[in-house]
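Please read the structure below before turning to the comments.
Just so it is clear, the model here is predicted, and its values are computed rather than measured.
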Amino acid sequence: MKLLETIKTKVTAAAVAFWAWMLAKAEDWKLREKLIALWEKAKGLWARLRERFMRSKAYAKLQTMTPLGRRMTIMLCGVFLLLGLIFGFNQLKTFMIKHFIAGMGLPPATVSTMVVETTAWQPKLSSVGNVRAFRGVDLSTEIGGLVQTVPIKSGMDVKEGDLLIKLNDASDVAQLNSLKAQADLAKVINERDRQQLAIQAISKNVFDTSKADAKSKQAQVEQQTALVAKKNLRAPFSGRVGIVTMNPGQFVNPGDKLLTLQTLDPIFVDFNLPQSNAEQIQVGQEIVVTTDAFKDASFTGKVTAVSPKVDTNTRNIQIEAQLANPDKKILPGMFANVNIKLGDEVKMLTLPQTAVTYNPYGSTVFIAKPTGKKDKQGKPALEAQQVFVTTGPTRGDQVAILKGVEEGATVVTSGQLKLKNGTPLIVNNKVLPSNSPNPQPLE
């Protein structure tokens, strides 16, 4: 209660003080005399208007009406006058708002900018390809059998002719020895018959028969020798074996995939380029290959072959390149990024790709053009000016500008979607778009 009484006392005192101040100011400003003079003028204006209205034909016609008709007429005139005042007020308000907005001009837009510079540009063709072994094969046997020994291990480097898998060939070797003995006997008999034929002890027919028998027995030996060799799986070329899953005692069937053998040094890269680049591709051109597996490493090689035909489905040309792979890092089946250098470096104007707006009617950029005035901070005021540009090749986050802007011009790199010609600019370069020729994904 005491608090309420205190608040009431203070509010009352403040109201009394405010009223006293108003009276004092009224005396100082002579408001009473001014209000009286204004009131007298209004009364005089009203009297003149009333007198003129009473002498008019409308007043005379109004007097001839019935009291009810007179009141209705006065009421309707008042309503129409009120509606006219409301309509006039709204029109005045709309006009004032438009006039105020037109006087303000375009609102400023915050953008980031950069100065166009000339940078060294290496013309090149880019593609993606697949790594392929210099020689690669999935090995199998022509005949089945029981695995006797596996002298290799997974991932082992072998040379041409090394034994990889040996099947059980005991019975085949025994048969070979038997055939060799028969061949040796047939050879001895044939030699004896030759001596006897020389002294006319036997006929020529007997000698020919023994000679043919000796050759037949030798052919059987060679056939059995080939059969024994098929029980020994040997490396057809030097390379690295894959994962070995064979074990002694396991039975394999003819044609079963036993293991893979790949030659990793050198190694091939197969890739495709559009037919429009056919004139720029030649055997012997240097290429640079990068892979996702080794992000910080690049590998150089040369084009070894160009396909003599164009794929009718894709209109691309298949190209083969060979790389040196002494460390055997690159493996067959890897995805590779291929770059082919075309001539010497050239100087080109570059911009971030975010600075260019691509439209059906052409590509455009916005230039930050000085207006010759100063802003609130005393710096030169800038405004946007849209220009058409001709873009060239791209490289990472950059795009080459062939025509449309000059070196040294200040170009808007972000925020241009809200711009049009004449828009005032506020430059904020705390955050800039990426402008790297070789961007890397963030971890």
Residues forming a ring-ring contact (aromatic ring centres under 6.0 Å, His included) with F134, sequence neighbours excluded: F268

With sequence neighbours excluded, residues passing side-chain contact (heavy atoms from CB on, under 4.5 Å) with N190: F207, S210, K211, A214

Set of side-chain contact (heavy atoms from CB on, under 4.5 Å) partners for A226, sequence neighbours left out: none

For the NZ atom on K328, are there more than 12 heavy atoms of other groups (residues, nucleotides or ligands in this structure) within a distance under 6.0 Å? yes

T94 side chain to N90 backbone, donor-acceptor under 3.5 Å: yes

Backbone of E160 reached by a side-chain donor or acceptor of S238 within 3.5 Å: yes

Qualifying residues under side-chain hydrogen bond (donor to acceptor under 3.5 Å, both in side chains), relative to N337, sequence neighbours excluded: none

Please list all pairs meeting salt bridge (charged side-chain N to carboxylate O under 4.0 Å, His left out) that have one or both residues in residues 85-97, counting only residues at least two apart or in different chains. none

Is Q262 reaching over with its side chain to a backbone N or O of L331, donor-acceptor style, under 3.5 angstrom? no

Looking only at heavy atoms, what is the nearest atom pair of T364 and Q386, with distance? OG1-NE2, 3.3 Å

Determine yes or no for a side-chain-to-main-chain donor-acceptor pair under 3.5 angstrom, with D162 supplying the side chain and A235 the backbone. no

Interatomic distance, S203 atom OG to Q196 atom CD [nearest 0.5 angstrom]: 10.5 Å

Using a 4.5 Å cut-off on heavy atoms from C-beta on, say whether the side chain of L185 contacts that of I189. yes

Taking side chain as C-beta onward, heavy atoms only, is N253 less than 4.5 Å from D256? yes

Is any side-chain heavy atom of L258 closer than 4.5 Å to one of L233? yes

Can you run down the salt bridge (charged side-chain N to carboxylate O under 4.0 Å, His left out) pairs that involve residues 402-411, sequence neighbours left out, and say none if there aren't any? none

On a heavy-atom basis, the closest approach of G129 and F271 is CA-CB, 3.8 Å

Would you please test I401 and T391 for side chain to side chain contact (heavy atoms under 4.5 Å, CB included) and show each step? CA-CA 5 Å; I401 305 298; T391 58; 4.2 Å; yes

Backbone N/O of L125 and side chain of K341: donor-acceptor pair under 3.5 Å: no

Can you run down the ring-ring contact (aromatic ring centres under 6.0 Å, His included) pairs that involve residues 209-258, sequence neighbours left out, and say none if there aren't any? none

Please collect all side-chain hydrogen bond (donor to acceptor under 3.5 Å, both in side chains) contacts where either partner lies in residues 222-233, sequence neighbours excluded, each pair once. E142-K230, K166-N232, D172-K231

Starting from the C-alpha separation in whole Å, work towards a yes-or-no answer on side chain to side chain contact (heavy atoms under 4.5 Å, CB included) for I287 and L323. CA-CA 9 Å; I287 68 167; L323 307 175; 4.0 Å; yes

Whether the Q398 and R395 side chains hold a donor-acceptor pair (N or O, under 3.5 Å, no angle test) is what I'd like checked. yes

Over 12 foreign heavy atoms within 6.0 Å of NZ, K215: no

Does a salt bridge link D213 with K217, judged by any charged N lying under 4.0 Å from a carboxylate O? yes

The side-chain contact (heavy atoms from CB on, under 4.5 Å) partners of A384 (sequence neighbours excluded) come to F366, L419, T423, L425

For the student: nearest non-hydrogen atoms of V356 and S363, plus distance: CG1-CB, 3.9 Å

Is there a side-chain contact between N428 and V111 (heavy atoms, below 4.5 Å)? no

Under a 4.5 Å cut-off applied to non-hydrogen side-chain atoms, are I317 and L273 in contact? no

Selection residues 274-286 - residue pairs positive for side-chain hydrogen bond (donor to acceptor under 3.5 Å, both in side chains), sequence neighbours left out: N277-Q280

If every non-hydrogen atom of L176 is compared with every non-hydrogen atom of V221, which pair is closest and at what distance? CD1-O, 3.4 Å

Could you go through D265 and I267, starting from their C-alpha distance and side-chain angles, then the distance that decides it, and tell me whether this counts as side chain to side chain contact (heavy atoms under 4.5 Å, CB included)? CA-CA 5 Å; D265 184 26; I267 202 163; over 6 Å; no

Which atoms form the tightest heavy-atom contact between V269 and A336, and what is the distance? CG1-CB, 4.4 Å

So do V389 and V405 actually touch side chain to side chain, heavy atoms under 4.5 Å? yes

Check the side chains of S112 and N429 for a donor-acceptor pair under 3.5 angstrom, ignoring hydrogens and angles. no

Can you list every side-chain hydrogen bond (donor to acceptor under 3.5 Å, both in side chains) pair that touches residues 123-138, not counting sequence neighbours? S126-N339, R132-D270, R132-E320, D138-T260

Do any N or O atoms from the side chain of D311 and from the backbone of N313 form a donor-acceptor pair under 3.5 angstrom? yes

Could you tabulate the donor-acceptor pairs under 3.5 Å formed by side-chain atoms of residues 146-158, not counting sequence neighbours?
from, atom 1, to, atom 2, distance (Å)
S154, OG, V244, N, 2.9
D157, OD1, R240, NE, 3.0

Sort out for me which residue in V387, T113, V116 forms a side chain to side chain contact (heavy atoms under 4.5 Å, CB included) with I367. V387

Looking at M348, is its backbone amide N or carbonyl O close enough to the side chain of T118 to form a donor-acceptor pair, meaning the two atoms are under 3.5 Å apart? no

Run the salt bridge (Lys or Arg N to Asp or Glu O under 4.0 Å) test on D208 and K204 for me, step by step, so that the C-alpha distance in whole Å, both residues' side-chain angles and the decisive distance to 0.1 Å come before the verdict. CA-CA 6 Å; D208 291 340; K204 183 72 168 48; 3.0 Å; yes

If you count the non-hydrogen atoms of other residues, nucleotides and ligands that lie under 6.0 Å from CZ in F80, is the total more than 12? no

Where V399 and P352 come nearest, the two heavy atoms and their spacing: CG1-O, 4.2 Å

Is there a side chain to side chain contact (heavy atoms under 4.5 Å, CB included) between R192 and V188 once you walk through the steps? CA-CA 6 Å; R192 186 182 302 126; V188 171; 3.8 Å; yes

Min side-chain heavy-atom separation T410-M114 under 4.5 Å: no

From CD1 (I340) to CD1 (I319), nearest 0.5 Å: 5.0 Å

Is a donor on one side and an acceptor on the other found under 3.5 Å between the side chain of Q322 and the backbone of A305? no

